[in-house]
**Q** 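My structure is below; once you've seen it, I'll send some questions.
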Amino acid sequence: KSILAITIGTTLTIGSISASAQDVNSRIIRFGYGLNQDSKQGRAVQTFTEEVNRLSDGKFKVKSFANALLGNEIQMQNALIGGAQEMMITSTSSLIGIDKKFAIWDLPFMFKDGPEADKVLDGKFGQAMLDGLEKHGVVGLVYWENGFRDLTNSKRPIKTMDDLNSVKLRVMQNPMYLELFNQMGANAIPMAFSELFTALETGAVDGQENPYSTIQSSKFYEVQKYLSQTHHVYSPWVMLISKPFWDKLSNDEKTIIKKAAVISREAERKDSREQAEKSLAFLKTKMEVNSITPEEMDKMKASAKIVIDAQAKELGQDLLDQFFAAI
Ligand code: EAX
C-alpha cells in the first residue's frame, strides 16, 4: 500500500514539475544576433528585452545571445523555422534562401536616406513582404536599420572602379552582391558575417562592405586600412520570431511582442543614425577614408543597372514596379 502511495506521489510530482517547467519554458525567448553586445544591434536587443519584460510584467524572459553564438544568420533562420530557437535579428540579404523576394532590399542606389527607406519598409510594401514570410515558418515583426554600406579593404584605396580590380571582397550570401561586385571587377566571395573578422585578419579576403557603425563595432578597422564611401546599398535588418512559437501565444501575448518590437525599432533607428556620424569620425582616426568622385559613382551605377535588370527577370517586373512606386 505504502509503495503504491509513493509511486503515485512520485508520478504526480514529476507530472506537475514537467507541466510547470513547460509552461515557464514556453515564455522563454532565445534571441540570437550576429554582432556584439556593444553594437547598436546589441543595444536594441537590450531595449526589446526590457520592453517585453515590462509589458508582460516579467512573464516573458528574453535570453539574448550575441556574436552568432546560436549560429550564423542562415542557421538561426532554420532554427526558428524548426522551433529550436524563438527570435533573431537578421540581415534581409541572407533571408533570400527562405523567400527570394527579399533580394528587393539589396537593389543598389535605391534610397536617398534612412527616412525614405523607413517609408517603404514600414508602409504597405514592406508589410506585405513581412506577411509573405509566415508561410515559410517565420513571422517578420519589424525592420531595423543596418544602414548604407561602404567598402573597406587592406589592399589599396578604392577611388575608381578600376581600383577594385581583383580585390578579394567578402559579400553576403546573396547572388546579387556576388554579381554586383564581380561586375565592378572585384573577386567577390560569399561568406557568413560570423567568419568575416578572421577572414580579414588572415587575409583570406582583402575587404568587405558594411555601414560605418558596423565596421566600428565589429572592429574591422583593426584589420582594414582603407574605407571608401560608396554608400552602394541601404541595408535593413529584420526581426523574426519562430512561427511554431508564435502560434502558441495568445493574442495579448502577440500584442506585447509586437509593441516591444516597434519600440525597439524606433530606438534602434535613432541610435543607428546618431551612431553613423560618430562612427565615421572615429574611423577617420583609424583608417584612410576617401569619397568617390561623381564620375566614378556613375560608372558604379552603370554596373548596378545591369544587376538591377537581371533582378527584374529573377523577381518579376511586377514586384520591382510595386517597389519603385512605394519609394
Ligand atoms: O547582419 O552580413 C553582413 O555583412 C550584414 O551587413 C550584417 O552586418 C550582419
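Both ligands and their constituent atoms are indexed starting at 1 by order of listing.
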**Q** If I compare all heavy atoms of Trp246 with all of Lys254, which pair ends up nearest, and what's the gap?
**A** O-CE, 3.1 Å
**Q** Around atom 8 (O) of ligand 1, find the nearest protein heavy atom and jot down its residue, atom name and distance.
**A** Asn210 OD1, 3.1 Å
**Q** May I have the step-by-step check of side-chain contact (heavy atoms from CB on, under 4.5 Å) for Phe102 and Leu133, ending in yes or no?
**A** CA-CA 10 Å; Phe102 267 72; Leu133 287 172; 3.7 Å; yes
**Q** For Ser91, counting its heavy atoms only, list the atoms of ligand 1 lying under 4.0 Å from any of them.
**A** 1 (O)
**Q** When you compare ligand 1 with Glu73, is there at least one nitrogen or oxygen pair between them that comes in under 3.5 angstrom?
**A** yes
**Q** Looking at ligand 1, does any of its N/O atoms fall within less than 3.5 Å of an N/O of Arg170?
**A** yes
**Q** Quick check: Thr214 and ligand 1, any N/O pair under 3.5 Å apart?
**A** no
**Q** Do you see a donor-acceptor pair shorter than 3.5 Å between the side chains of Tyr212 and Glu277?
**A** no
**Q** Just distances here: any N/O of Arg149 and N/O of ligand 1 closer than 3.5 Å?
**A** yes
**Q** Regarding atom 7 (C) of ligand 1: of the candidates Asn72, Asn146, Asn174, which has the closest heavy atom?
**A** Asn146
**Q** So, does Gln208 sit close enough to ligand 1 that a heavy atom of it is under 4.0 Å from the ligand?
**A** no
**Q** Where does the angle between the aromatic ring planes of Phe125 and Trp105 fall among parallel (under 30°), tilted (30 to 60°) and perpendicular (over 60°)?
**A** perpendicular
**Q** Would you say Glu50 and Gln46 are linked by a side-chain donor-acceptor pair, where the criterion is simply a distance under 3.5 Å?
**A** yes
**Q** Near Met172, which atoms of ligand 1 are under 4.0 Å from a heavy atom of that residue?
**A** 2 (O), 3 (C), 4 (O), 5 (C), 6 (O)
**Q** Where the side chain of Tyr143 meets the backbone of Gly126, is there a donor-acceptor pair that is under 3.5 Å apart?
**A** yes
**Q** Give me the one residue out of Asn53, Ile28, Ile29 that meets side chain to side chain contact (heavy atoms under 4.5 Å, CB included) with Val62.
**A** Ile29
